[in-house]
Protein chains: 2
Amino acid sequence: MATIKEVAKYAGVSVATVSRALNKNGYVSEEAQKKVENAIKALEYYPNEVARSLYQKKSKMIGLLLPDISNPYFPLLMKGIEENARENGYSVIFGNVEEGSELGQDYMTLFGQQNVAGVLSAVEGTWSQKHAMPIVMLDRVLEEDDYAVYTNDIKGGILAAQAIMDREPGKVLIIAGPKSVPGSIDRLIGMLSVLNPTDVEYEIYQTQSFTIDEAEEAAQNIFRKYKKVDSVLASNDLFALAIMKEAQKRGLRIPQDIQVIGYDDIPFSRLVYPGLTTISQPAFKLGYEASDLLIRLIGKNKIDKKRIKLDPDLIIRGSLRDK
Amino acid sequence: MATIKEVAKYAGVSVATVSRALNKNGYVSEEAQKKVENAIKALEYYPNEVARSLYQKKSKMIGLLLPDISNPYFPLLMKGIEENARENGYSVIFGNVEEGSELGQDYMTLFGQQNVAGVLSAVEGTWSQKHAMPIVMLDRVLEEDDYAVYTNDIKGGILAAQAIMDREPGKVLIIAGPKSVPGSIDRLIGMLSVLNPTDVEYEIYQTQSFTIDEAEEAAQNIFRKYKKVDSVLASNDLFALAIMKEAQKRGLRIPQDIQVIGYDDIPFSRLVYPGLTTISQPAFKLGYEASDLLIRLIGKNKIDKKRIKLDPDLIIRGSLRDK
DNA sequence: TAACAATGTGTAACCGATTACACGTTTATA
DNA sequence: TATAAACGTGTAATCGGTTACACATTGTTA
């Protein structure tokens, strides 16, 4: 790899001039600019980002922490982040951090050592005043987070519950997500705000995590525990899919015997029969917007919004009865 | 963030001694070692990786290029990579690169500018002698790749075809993956090596990509084009799931009327009814091993194997008939 | 035309680590 | 006891950029 010194020598100017030509700041004569550009082309020069980052104390990298990439919601998020970051000339250092592990802090330290310009995190307890870089919380957001991008989960809960209410609910089972995830609580609040004013019978099944293993187990428990359920309001597509599978295994027809609505709109919801009706979280957009907010923060351009709330949508497929 | 200079001053020694104490090379008296350790603790010092990387011309980062993280096979791969890299003190810079786009080269240049220690890539045409760092190809591997970690797809194809042959195949439809992906070809070779010696009737449907959109479209085409199919050998779970969905939509029973086998064992294959029988690619392990190989390459410890081939497994669920 | 601003360029300091080299002290060996 | 080897430490060069500062030249304004 060529260095700036070699470029300077080849162009017959000083390194300072090369640097100024490169970054288009300071005064550079047209002639010098040309000479430098030629030299750069001739030597296939690309500036060393590490050296830059050392002086600037800030690299062109952002850190990303996600709780579980094998959950299909997160790859979409990630794709949005990566795309926006790339468009802005940033690259992404990725860390997979189990919910609740102290790995999050380790990664934050590492990010500090790497001079990352900022951090995007969907893992709780990541933030700390120790680390100076700006941080935008994603998806799983707390009241006290200054910068955050997330979905309006109350609205999502309302949409889901209304979809059920519109379609002869019968006896309803709500599968509530882990209490530790703020979004789950909002979804539940939204759902209850629709159900409570009516005289619909409902019960709540509380889950501990968002893993497939627990989803399968829960589905079995549920059919054992609740003999008669007409409608299932799941706060997560994985649980909804597991319920559908278990129902079909037991010979129940969907949606005639039992109707199901999910939450997330992971890509697979389209690939089952009947298609899973669900609440679509704009995962890609969420990631894209979050990266955008972070990069604006990094550039210290005044931020218009500190917390960006995106609206979810109802996606109707075959797992609900007709209106 | 404290610097090595501050640590040196606090400990009452020179920066050289601090550095030697830190990296445990060169001579350091016990006394000095203690003083340095105390200073480090007191000042919460963490060495700046950027400065290190500048001098060493090699950072503690590896680059990762994947063709499409929204394909659920890749997040598992990624998880394995991240875990191994972290255990070895490396972090991962991630790039999502559409198959065939020239973004791959851009990322390789970027990786060079960032002094990454090595690259893991599942995207073709990434390698080039221009970039000096070691590169390990993943999953989609060509003959000429020096370092590679991949699944024995011929064996996978054989396993899949045998599973069908053992269960009254009837008329078989093979859904072959894109010809541009070397693995698809191997899968097909494996399948045909089982089917050809028999007198089973089969046809091949050729697909162009691995996207969900194409999978859905293909499933519809297939049922329109081939009136009678008893067994489907898909080279990808997405296509298998799409076929199952379309079959069920048309009132066919699985596996009685049509049996289906997939390839990949993505997490969702468990979550449909009936469960999708499939060939399991050890995605996590693949990623883990690939990262391990790369890091050994970086350390220039002599490499025992240049190409690591992992064996796939047959995972039996409900989508095949009983033997 | 004197005074000052704008333009253009190079030298050297700086970012925060690692390490070659020089030098002094202690220990081992002949 | 002379001499080499091992030990311990500090100074300064280095990695490859950016930029403060000094200085020269040209253009503008009173």
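Small disclaimer: the values here were computed from a predicted structure and weren't measured. Below, chains carry the letters A, B, ... as their sequence lines are ordered, and counting in each starts from 1.
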Whether [X] contacts [N] is assessed here as follows: a side-chain N or O lying under 4.0 Å from the phosphate OP1 or OP2. Is that the case?
X     : N      : result
B/N48 : C/dC15 : no
B/Y27 : D/dC7  : yes
A/K57 : C/dG16 : yes
B/S29 : D/dT9  : yes
B/Y45 : C/dA17 : yes
A/N25 : D/dT18 : no
B/S14 : D/dG10 : yes

Rounded to whole Å, how long is the line connecting atom [atom1] of [X] with atom [atom2] of [N]?
X      : N      : atom1 : atom2 : value
B/E31  : C/dT25 : CD    : P     : 16 Å
B/R20  : C/dA20 : CZ    : P     : 11 Å
A/K5   : C/dG10 : NZ    : P     : 15 Å
B/Q113 : D/dG17 : CD    : C1'   : 12 Å
B/E30  : D/dC7  : CD    : C1'   : 13 Å
B/N23  : D/dT9  : CG    : P     : 16 Å
B/Q114 : D/dG16 : CD    : C1'   : 14 Å
B/I4   : D/dG10 : CD1   : C1'   : 13 Å

### Task
Begin from the C-alpha positions of B/S70 and B/D68 and carry the test side-chain hydrogen bond (donor to acceptor under 3.5 Å, both in side chains) through to its verdict.
CA-CA 5 Å; B/S70 59; B/D68 179 18; 2.6 Å; yes

Whether [X] side chain and [Y] backbone form a donor-acceptor pair below 3.5 Å:
X      : Y      : result
B/D145 : B/L142 : yes
A/N48  : A/V50  : yes
A/D186 : A/G183 : no

For [X], answer base if it contacts any base atom (sugar-phosphate contacts may also be present), sugar-phosphate if it contacts only those atoms, and nothing otherwise; contact means non-hydrogen atoms under 4.0 Å.
X     : result
B/V28 : sugar-phosphate
B/Q56 : sugar-phosphate
B/V50 : nothing
A/S19 : base

| Under a 4.0 Å N-O cut-off, is there an ion pair linking A/K34 with A/E37? |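 No.
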
On DNA chain D, nearest-nucleotide positions of B/T17 versus A/A16: which is more 5'?
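In this pair, the answer is B/T17.
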
* Asked: What class does the angle between the rings of B/Y107 and B/F111 fall in, given that below 30° is parallel, 30 to 60° is tilted and above 60° is perpendicular?
  ->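 Aromatic pair B/Y107/B/F111 classed tilted.
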
Discussion item. Side chain of A/Y55 only, heavy atoms from C-beta on: which candidate in D/dT18, D/dT14, D/dT11 is closest?
Written reply: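 Nearest listed nucleotide: D/dT18.
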
